[in-house]
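Heads up, the thing below is written out as structure tokens.
Note: hydrogens, waters and symmetry copies are ignored here, and every other heavy atom, side chains too, is used. To find a chain, count down the sequence lines: A is the first, B the second, and so on, and within it residues start at 1.
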Amino acid sequence: MTSSSPLLQVRDLEVVYASSSGRRQVRALAGIDLQVQTQECMGLVGESGCGKSTLAKCLLGLVPAQQGSIKLSLPAEFRTRFPDLEQLWQSRSGSKTDPGLELIGLSGKAWRAVRKAMGFVFQDPLASLDPRMRAWQIVTEPLAMHGLASGKALRKKADQLLDLVGLDTQVALRYPRQFSGGQRQRLGIARALALEPPLVICDEAVSALDVSVQAQILTLLRELQQSRGTSFVFISHDLSVVKQIAQRTAVMYLGRIVEEGPSQDLFEDPWHPYSRALLEAVPQPQVAGRERQWLVAGEAPSPANPPSGCSFHPRCPLAEDQCRRQFPPMIAATAPSRQAACFQLSSGEISQ
Amino acid sequence: MPLLQVRDLCLTLPTRNGPIAVVEGLSFDIDEQDSLALVGESGCGKSLTALAIMGLLPPAISISAGSIQFRGRELVGCSDRQWRRFRGGAMAMVFQEPIASLNPVLRIATQIEEVLALHGDGDRRWRKRQAVSLLEQVGLPDPAALARAYPHELSGGMCQRVLLAMALAGEPDLLIADEPTTALDVTVQAQILDLLIEIRRQRGLAFLWISHDLGVVSRLCDRVAVMYAGKLVEQQPVQTLFGNPRHPYTRGLMAASPSLEQQALPTGIPGRVPAPEDFTAGCRFRDRCSQAMELCFEDPPAFPLESEDAWVRCFLMDTSATSAGEALSNGEEAK
């Protein structure tokens with residue numbers, strides 16, 4: 001695969017939730033553009049309600065998109081392992097120059113085939129594991145469900161998976177309640193990796209864990225990324241975690257990506273006022289007397305009733321008339337490749 | 001006389017195999033206007049300690065030894081009725097889940113007025129006015145309208161402000177907070193922390209702050225006590241603790257905490273906190289400690305540190321044992 005076709009390419013994605021009568025509509029996601037390269041970890045940060053989880057669900061086909069495109073470019077080695085996926089690929093994927101498979105508009109059956117390529121790790125490890133299944137059954141469920149292994153082969157695969165995530169194979173017969181929080185999260189990760197997917201989506205995967213265990217899980221994810229070339233979409237409200245695990249980070253506010261760039265640059269010198277405010281709000285040891293000039297007042301507005309223009313303007317210290325009237329375009333830079341949507345960037349208010 | 005004095009506190013849970021001590025030999029003082037943070041991983045007994053001080057322990061767990069004195073008055077052995085005179089009055093508590101801590105079917109004002117009826121001495125009109133004024137003091141917009149709202153109409157951050165207003169209603173001298181900002185977004189958390197710092201400055205409140213977030217602790221507290229598996233292992237002023245953590249567990253916690261300052265991935269502590277039924281004599285951290293030695297099967301005493309009221313319970317601090325000193329410096333290099 002060439003570097004020109006990213007593993008995942010999202011273009012102008014829009015998701016609208018409607019009330020049952022259809023009269024009230026909430027635009028949960030608007031104009032989302034995102035790329036995830038092979039072996040890259042893309043971090044998604046933002047306050048609750050900004051659409052992080054909706055985006056994850058949309059990528060997995062669990063929430064329908066109203067507009068836009070999600071293209072997945074699977075390596076041949078992966079898709080040829082699954083006949084249904086390969087068949088879908090041959091019939092639906094694009095031209096040679098743009099080989100991605102368009103996911104928007106796929107049927108339920110086609111989605112089932114595509115989801116083999118995407119692992120998912122949930123926030124609450126206990127709630128996402130079936131309490132009546134044993135550890136080995138949990139981690140091999142995707143294999144069993146897609147009819148890829150059975151009997152002795154399945155048990156052997158279970159041992160490999162448990163070993164991969166650093167669990168003793170002795171625990172294969174235990175039930176979820178017999179594990180600690182960190183071990184349960186390892187089970188969740190093992191399950192997500194069962195089919196060796198090229199992409200794993202983690203929605204607040206370490207948020208419920210103690211720091212000492214959280215660090216163990218992050219190390220595990222990094223190892224998998226390096227040894228298997230797995231790509232991650234890593235959703236978290238914890239900016240420090242994202243800074244350390246993700247190579248690139250996208251900052252979301254009220255259903256839109258307002259800034260995106262290499263984590264290193266974005267965290268050191270954020271462009272968007274919202275990114276600055278988020279970073280300053282993180283309490284840190286040893287930085288007691290730090291000056292805080294970007295701290296935002298109030299809370300994020302409801303996506304059901306978004307402000308006009310730039311949705312951040314009511315909380316932004318730099319807001320001007322223009323910001324109240326129209327949504328700012330993305331201003332992009334190359335080397336390093338990063339972008340932010342803010343009028344003040346072009347007017348030089350914020351140093352580039 | 002300290003405002004709150006806890007001495008050799010033991011909390012036990014009876015089981016079929018005999019009683020288990022979930023918290024053991026806990027001692028600390030909090031002076032007037034002082035602030036102490038209790039940090040550690042989940043399962044260390046931090047929350048139980050707070051509940052014991054408030055007289056709110058679950059029925060299964062009892063105080064088996066030790067004393068809790070508030071303004072010189074012994075609270076251990078108090079009847080529930082006697083405890084009620086302090087709880088919500090001179091000692092108030094704010095919990096982790098703001099929305100779950102409010103009664104969903106009562107208006108905000110009613111819930112604050114309840115506290116005022118118990119601990120204030122004004123009439124109904126006064127209580128109504130006071131409730132609105134408290135909501136204003138915690139920085140809520142349009143307090144008069146908010147007083148008539150129900151909890152579900154408020155966001156998590158607003159509910160936490162309401163709970164803070166309720167805690168302040170009894171004019172407390174000591175505020176106990178159990179992870180009050182953990183469930184909130186960072187931006188809202190920063191606002192609540194600013195508010196707490198301001199309120200503490202205005203009212204001269206003392207804090208007992210329970211948290212796993214070292215960043216939050218450094219903003220709010222003067223002193224930190226580190227708890228592990230039911231016991232305190234280290235206590236230091238906040239500045240020296242972050243500059244020079246001594247106990248291997250404290251060092252591990254800091255290395256594991258993700259930070260914006262840091263480039264590399266944080267390093268975890270291998271293993272996990274033992275369950276209370278597996279608590280043993282000796283240092284309970286020894287199974288996870290890279291510097292554990294023979295000696296660690298005995299209970300380490302509290303070795304005093306340079307600054308006042310600072311100590312650490314680890315044999316590595318025993319300056320008389322030179323080999324231990326070497327082990328410590330090696331550990332530093334390894335980091």
Side-chain angles (χ1 to χ4, degrees), chain A residues 45-50 166 179-183 206-223 236-245 253 263-264 267-268 274 277-290 292 294-300 302 315, chain B residues 39-44 139 141 154-158 181-194 211-220 224 238-239 241-243 245 249 252-275 288:
Chain A
V45 298
E47 289 168 286
S48 38
C50 72
F179 291 93
S180 68
Q183 289 174 319
V206 297
S207 309
L209 305 174
D210 272 314
V211 283
S212 69
V213 181
Q214 179 176 301
Q216 294 169 16
I217 299 289
L218 292 176
T219 310
L220 171 67
L221 294 180
R222 173 63 57 79
E223 279 165 14
S236 180
H237 69 277
D238 190 330
L239 286 104
S240 325
V241 167
V242 169
K243 183 193 174 200
Q244 281 151 8
I245 189 81
Y253 189 74
S263 305
Q264 190 91 17
F267 280 85
E268 237 140 66
Y274 178 61
L278 262 188
L279 277 171
E280 272 190 8
V282 178
Q284 290 178 78
Q286 293 161 334
V287 206
R290 195 165 47 129
R292 294 185 307 163
W294 295 91
L295 186 63
V296 291
E299 296 172 29
S302 157
R315 301 168 85 189
Chain B
V39 301
E41 288 171 280
S42 38
C44 284
L154 276 57
S155 70
M158 287 163 93
T181 59
T182 307
L184 307 174
D185 275 317
V186 277
T187 49
V188 180
Q189 168 173 285
Q191 294 165 19
I192 299 273
L193 293 183
D194 284 345
S211 183
H212 68 276
D213 189 328
L214 298 171
V216 169
V217 164
S218 72
R219 278 208 61 201
L220 251 128
V224 183
V238 89
Q239 302 91 348
L241 184 91
F242 285 109
Y249 178 60
L253 262 190
M254 290 198 182
S257 300
S259 142
L260 288 176
E261 305 286 292
Q262 208 176 312
Q263 295 300 333
L265 275 183
T267 39
I269 308 173
R272 57 175 165 131
V273 185
R288 302 173 78 185

Donor-acceptor contact present, side-chain A/Arg315 to main-chain A/Tyr274, <3.5 Å: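 No: the side chain of A/Arg315 does not pair with the backbone of A/Tyr274.
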
[atom1]/[X] to [atom2]/[Y] distance, rounded to the nearest 0.5 angstrom?
X        : Y        : atom1 : atom2 : result
A/Thr219 : B/Leu265 : OG1   : CG    : 5.5 Å
A/Ser240 : A/Leu279 : OG    : CG    : 9.0 Å
A/His237 : B/Asp185 : NE2   : CG    : 7.5 Å

If you count heavy-atom pairs under 4.5 Å between each of B/His212, B/Gln189, B/Arg272, B/Met158 and chain A, which one has the most?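 If we count pairs closer than 4.5 Å to chain A, B/Arg272 comes out on top.
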
For chain A, which candidate among B/Thr181, B/Leu184, B/Leu253, B/Ile269 shows the most heavy-atom pairs at distances under 4.5 Å?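 Result: the option with the highest number of such pairs is B/Ile269.
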
Which region of [X], side chain (C-beta onward) or backbone (N, CA, C, O), has a non-hydrogen atom less than 4.5 Å from a non-hydrogen atom of chain A, or is it both or neither?
X        : answer
B/Thr267 : backbone
B/Pro270 : backbone
B/Ala264 : backbone
B/Gln262 : both

Any side-chain heavy-atom pair from B/Thr182 and B/Asp213 closer than 4.5 angstrom?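 Heavy-atom side-chain distance check fails, nothing below 4.5 Å.
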
Heavy atoms, side chains only, cut-off 4.5 Å: are A/Ser207 and A/Asp238 in contact?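 Counting from C-beta outward, A/Ser207 and A/Asp238 never come under 4.5 Å.
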
Residue A/Gln214 versus chain B: region with a heavy atom under 4.5 Å: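 For A/Gln214, the contact with chain B is made by the side chain alone.
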
